[in-house]
Amino acid sequence: MRVLSGMRPTGKLHFGHYHGVLSNWLKLQDEYECFFFVADWHALTTDYAEPGRIKDNTVEMVIDWLSVGIDPAKATIFRQSHVKEHAELFVLLSMITPLSWLERNPTYKEQLQEIKDKDLHNYGFLGYPVLQTADIIIYKAEKVPVGIDQAPHLEFSREIARRFNHFYGEVFPEPQTILTSQPKVLGTDGRKMSKSYNNAIFLSDTPEAVEQKILHMMTDTARKRRTDAGNPDVCPLFITFHLLYSDEKTIGWVREGCTGALIGCTECKKSVIPKVLAMLEPIQKKRKAYEKDPDRVTAIIEEGSAKAKEIAGVTMEGVRKAIGLEAPERSAVNR
Ligand code: TRP
Ligand code: SF4
């Protein structure tokens with residue numbers, strides 16, 4: 001079974017990405033034929049005016065993938081813009097995409113509302129899910145692991161695949177969503193961890209920076225003094241770090257200590273920091289090796305892109321044939 005997923009190149013990844021996406025990819029790569037790619041064209045749909053960071057972000061992000069253990073020997077790692085077949089399929093799919101389907105896309109409407117610092121009234125941004133559909137079905141991927149926010153896009157992809165098959169014959173399987181369980185990962189200010197909120201702890205932060213960020217992380221805001229009882233279930237530090245990194249015994253100790261005002265928040269934080277740093281250590285060791293050898297990273301991306309291109313090329317031959325766009329046979333040309 002073929003699994004495919006992509007990420008826009010936003011740069012360095014943080015703990016939210018790790019627990020929400022990468023840990024799932026790590027499991028999947030051992031079980032299925034996986035394709036993981038950098039959606040750099042998708043990044044351009046919003047960042048077309050300042051494309052400068054996209055290239056560096058691509059390498060940064062793939063270094064994070066490799067450092068956590070995404071393995072090019074198991075999974076095909078590639079860059080969307082280096083497999084131009086995606087663009088050809090995107091054009092063809094755009095012919096059969098009703099505008100109304102795009103205009104009612106909840107992600108589209110939300111982002112138009114929310115993102116005010118960029119003009120998103122461009123054709124590419126409206127067509128975002130069409131390109132995403134091309135990304136998926138060009139590999140005839142059956143499973144697509146994504147977070148809940150992407151579910152409407154996947155629904156759209158199934159509808160387009162169905163519509164294509166209806167017009168031109170059974171070419172594409174309808175891709176199924178694997179909804180990845182996304183544990184709550186909160187940032188230092190207690191909101192959802194996100195680069196744009198400036199509250200993220202990155203996989204590439206130095207151990208000192210990680211320690212400082214955790215020490216300054218928001219806790220149960222109602223607990224003002226050491227003598228006040230606290231509630232771990234509303235404490236961002238507890239939810240994000242103890243629940244994901246501490247053993248049962250420590251969690252019990254925190255619950256008792258916090259609700260009984262027996263421990264201080266600093267003490268509580270200090271008990272989890274070593275576990276977080278221990279998880280990061282092997283990741284950062286691998287990161288250093290890749291940082292020293294950027295050519296190797298580029299080679300991994302290019303080898304993966306070549307492999308992806310072969311598969312995409314075979315699909316596109318079938319697609320052209322189904323629509324009647326295939327190259328003429330030699331004999332027909334000579335006649
Ligand atoms: N839209 C996805 C995101 O923002 C990225 C993406 C692009 C994607 N193409 C894809 C994800 C294909 C899964 C499959 O996260
Ligand atoms: Fe949070 Fe721990 Fe402080 Fe309780 S003691 S509020 S769980 S940091």
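Here the structure is a predicted model, which means the values were calculated and not measured. Counting starts at 1 for both ligands and their atoms, in listed order.
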(request) Give a yes-or-no answer on whether the side chains of D247 and T250 include a donor-acceptor pair shorter than 3.5 Å. (result) yes

(request) Taking only heavy atoms of D220 into account, list the atoms of ligand 2 that are under 4.0 Å away from them. (result) 6 (S)

(message) I'd like to check which ligand 1 atoms, numbered from 1 as shown, lie under 4.0 Å from a non-hydrogen atom of I136.
(response) 12 (C), 14 (C)

(request) State whether R287 and D64 are salt-bridged, where the test is any N-O pair (Lys NZ or Arg NE/NH1/NH2 against Asp/Glu carboxylate O) under 4.0 Å. (result) yes

(message) Is it true that R8 and T46 share a donor-acceptor pair across their side chains at a distance under 3.5 Å?
(response) no

(message) So for atom CD, which belongs to E155, do other residues, nucleotides or ligands contribute more than 12 heavy atoms lying within a distance under 6.0 Å?
(response) yes

(message) Counting non-hydrogen protein atoms only, what is the nearest one to atom 7 (C) of ligand 1? Give residue, atom name and distance.
(response) H42 ND1, 3.3 Å

(message) On the six-membered ring of Y139, is R2 placed so that its NZ or CZ lies under 6.0 angstrom from the centre and within 45° of the ring axis?
(response) no

(request) Look at E88 together with R320 and state whether they make a salt bridge at an N to O cut-off of under 4.0 Å. (result) yes

(request) Give the atoms of ligand 1, by number and element, whose distance to some non-hydrogen atom of L4 is under 4.0 Å. (result) 12 (C), 14 (C)

(request) Determine whether the side chains of Q80 and D135 contain a donor N or O and an acceptor N or O closer than 3.5 Å. (result) yes

(message) Which residue and atom name correspond to the protein heavy atom nearest atom 1 (N) of ligand 1, and how close is it?
(response) Y128 OH, 2.7 Å

(message) Show the atoms of ligand 1 that are less than 4.0 angstrom away from any heavy atom in A39.
(response) 7 (C)

(request) Name the closest protein heavy atom to atom 5 (C) of ligand 1, giving the residue it belongs to and the distance to 0.1 Å. (result) G6 O, 3.5 Å

(request) Quickly, which of K118, K55, R53 forms a salt bridge (charged side-chain N to carboxylate O under 4.0 Å, His left out) with D47? Name it, please. (result) K118

(request) Fit a plane to each ring of Y128 and H42, take the angle between them on a 0 to 90° scale, and name the class: parallel (under 30°), tilted (30 to 60°) or perpendicular (over 60°). (result) tilted

(request) Return yes or no for this condition: an N or O of R8 is under 3.5 Å from an N or O of ligand 1. (result) yes

(message) Could you identify the single nearest non-hydrogen protein atom to atom 3 (Fe) of ligand 2 and state the distance to 0.1 Å?
(response) C265 SG, 2.3 Å

(request) State the atoms of ligand 1, each with its element, that fall below the 4.0 Å cut-off from a heavy-atom position in V144. (result) 13 (C), 14 (C)

(message) To check your reading of the model: name the closest protein heavy atom to atom 5 (S) of ligand 2, its residue, and the distance in Å.
(response) R223 NH1, 3.1 Å

(message) Suppose we measure from atom 3 (C) of ligand 1 to each protein heavy atom; which comes out shortest, and what is that distance?
(response) Q150 NE2, 3.4 Å

(message) Taking 4.0 angstrom as the limit and counting only heavy atoms of V254, give me the atoms of ligand 2 inside it, by number and element.
(response) 7 (S)

(message) Just to confirm my output: which protein heavy-atom neighbour is closest to atom 4 (Fe) of ligand 2, and how far is it?
(response) C258 SG, 2.3 Å

(message) Whether K12 engages the ring of F202 as a cation-pi pair (distance to the six-membered ring centre under 6.0 angstrom, angle to the ring normal within 45°) should be assessed.
(response) yes

(message) Any N/O/S atom from C268 (main chain or side chain) under 2.8 Å of atom 1 (Fe) of ligand 2?
(response) no

(message) If I take atom CD1 from residue I137 and atom CZ from residue F172, how far apart are they, to the nearest 0.5 angstrom?
(response) 4.0 Å

(request) Measure the distance from atom 8 (S) of ligand 2 to every protein heavy atom, then report the residue, atom name and distance (to 0.1 Å) of the closest one. (result) T219 CG2, 3.4 Å

(request) Please say whether D135 places an N or O atom under 3.5 Å from an N or O atom belonging to ligand 1. (result) yes

(request) Provide the number and element of each atom of ligand 1 under 4.0 Å from a heavy atom of V146. (result) 13 (C)

(request) Considering only non-hydrogen protein atoms, determine which one is nearest to atom 1 (Fe) of ligand 2 and report residue, atom name and distance to 0.1 Å. (result) C235 SG, 2.3 Å

(request) Under the side-chain hydrogen bond (donor to acceptor under 3.5 Å, both in side chains) rule, collect the residues that match up with E302, sequence neighbours excluded. (result) H82

